[in-house]
Visitor: 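Can you read through this structure? Questions will come right after.
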Amino acid sequence: MGNNGFWKNNRIYLTANAVFILIFWAVSALYHIESEFIFYVISFMLIITVIAAFINNNSIHNRAQIPEYNNESEDGSDKVMWEKLREKEDFFALWAHQIKTPIAALKLLFEDADPNTYECKSELFKIETYVEMALNYLRFEEMSGDLVLEKCSLEPLVKQTVKKFSTVFIFRHLSVELNNLDCDILTDDKWFSFVLEQVLSNALKYTKEGGIKIFSRDTDEGKEIVVSDSGVGIKSDDLPRVFEKGYTGYNGRVDKKASGIGLYLCKGVCNKLGHGIRIESELGKGCDVIITVRKEAVNERDSKYI
């Protein structure tokens, strides 16, 4: 299709965001907004624009490659391709719903003559997190070829993830407690960190006071890594469906910011890593997310990779 085709398919995205950037720049100069915030906002808008443009371009290209769906296809390949395309479109519809909230909040903050520094950084952090989620989703289908299973020290992985959310803990006066993490697990450090980030992000979203504990424990099945919060908890009716794509449950309907994407991805990543993941919770009594690195999986891969 080439560069001309790319511009033709995405001129609305590119033109609209160019206009937005110019308007934002003018408003920033008028209200003397700090250059750091201007840089961050414009950078994130450019990243989002590029992602949206490529997704749109790929979607158009895929439609051109896929023949009109026929229920009587002999090998069912057309059906599979259409389902994959529809799943991507559904995901990014949910993702757009999720990311528009911090963008709108940031816009309102910048309308203030003296915007709150922490709140601006907090919304920018959310946008960055959601962009990373989208990029990881795009890599998810090819994840099997990207896995590097090796022995990893658990404590540095957890501390690195907690550090990423340190400003949230400090501003909201939440405690964090790390126990019994001085051990090794067999995993892919990049993808395991992604799961931890999603779990911790969810825990912080629904924890208004108290804090979060992260610890490991040995069981008959293997090593369990537990992220335990003192938040609002989950209704028992919602627990069996929390890992379904797009399912937000009671908390999501009350909060109106959840998209049902994060835990769905966590489940998919853990399945490919050979890890288990489950949630134990009661409404009003906090929530425990438990990731299990099974002994059988460790033993099989130990001989293969280590």
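Computed from heavy atoms alone, side chains included, the values below leave out hydrogens, waters and symmetry copies. Predicted model only: the values in this text are computed from it and were never measured.
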Visitor: Between the side chain of Asp229 and the main-chain N/O of Cys287, is any donor-acceptor distance below 3.5 Å?
Guide: yes

Visitor: So do Val226 and Ser216 actually touch side chain to side chain, heavy atoms under 4.5 Å?
Guide: no

Visitor: Answer yes or no: is there a donor N or O on one side and an acceptor on the other, between the side chain of Ser166 and the main chain of Val162, under 3.5 Å?
Guide: no

Visitor: Do Val199 and Phe194 come close enough that some side-chain heavy atom pair is under 4.5 Å?
Guide: no

Visitor: Answer yes or no: is there an ion pair linking Arg278 with Glu224, defined by an N-O contact shorter than 4.0 Å?
Guide: yes

Visitor: Nearest heavy-atom pair of Phe243 and Leu263: which atoms, and what distance?
Guide: CD2-O, 3.3 Å

Visitor: Counting C-beta onward and ignoring hydrogens, is there a side-chain heavy-atom pair between Ser236 and Leu283 closer than 4.5 Å?
Guide: no

Visitor: Strictly distance-based, threshold 3.5 Å: is any side-chain N or O of Ser281 a donor or acceptor partner for the main-chain N or O of Gly286?
Guide: yes

Visitor: Are Thr187 and His275 linked by a side-chain donor-acceptor pair shorter than 3.5 Å?
Guide: yes

Visitor: Output all residues satisfying side chain to side chain contact (heavy atoms under 4.5 Å, CB included) with Lys285, sequence neighbours left out; order by chain, then residue number.
Guide: Glu282

Visitor: Side chains of Ile291 and Leu196: closer than 4.5 Å at any heavy-atom pair?
Guide: yes

Visitor: Can you find a heavy atom in the side chain of Cys270 that is under 4.5 Å from one in the side chain of Val195?
Guide: yes

Visitor: Might you work through the salt bridge (charged side-chain N to carboxylate O under 4.0 Å, His left out) test for Glu155 and Lys159, ending with a clear yes or no?
Guide: CA-CA 6 Å; Glu155 191 166 20; Lys159 286 185 175 179; 3.4 Å; yes

Visitor: If you take all heavy atoms of Glu150 and Leu186, which pair is closest and at what distance?
Guide: C-CD1, 3.3 Å

Visitor: Which atoms form the tightest heavy-atom contact between Ile99 and Tyr130, and what is the distance?
Guide: CA-CD1, 3.7 Å

Visitor: Look only at the side chain of Asp184 and the backbone of Lys151, and say whether a donor-acceptor pair between them is shorter than 3.5 Å.
Guide: no

Visitor: Nearest 0.5 Å, please: how far is OG in Ser175 from CD in Glu209?
Guide: 11.0 Å

Visitor: Treating Thr292 as the side-chain partner and Arg294 as the backbone partner, does any N or O pair qualify as donor plus acceptor under 3.5 Å?
Guide: no

Visitor: Do other residues, nucleotides or ligands put more than 12 heavy atoms under 6.0 Å from the NZ atom of Lys213?
Guide: no

Visitor: Less than 4.5 Å apart, side chain to side chain, heavy atoms only: is that true for Leu200 and Ile212?
Guide: yes

Visitor: Answer whether the closest heavy-atom distance between the side chains of Phe169 and Leu204 falls below 4.5 Å.
Guide: yes

Visitor: Do the side chains of Phe165 and Ser201 get nearer than 4.5 Å, heavy atoms only?
Guide: yes

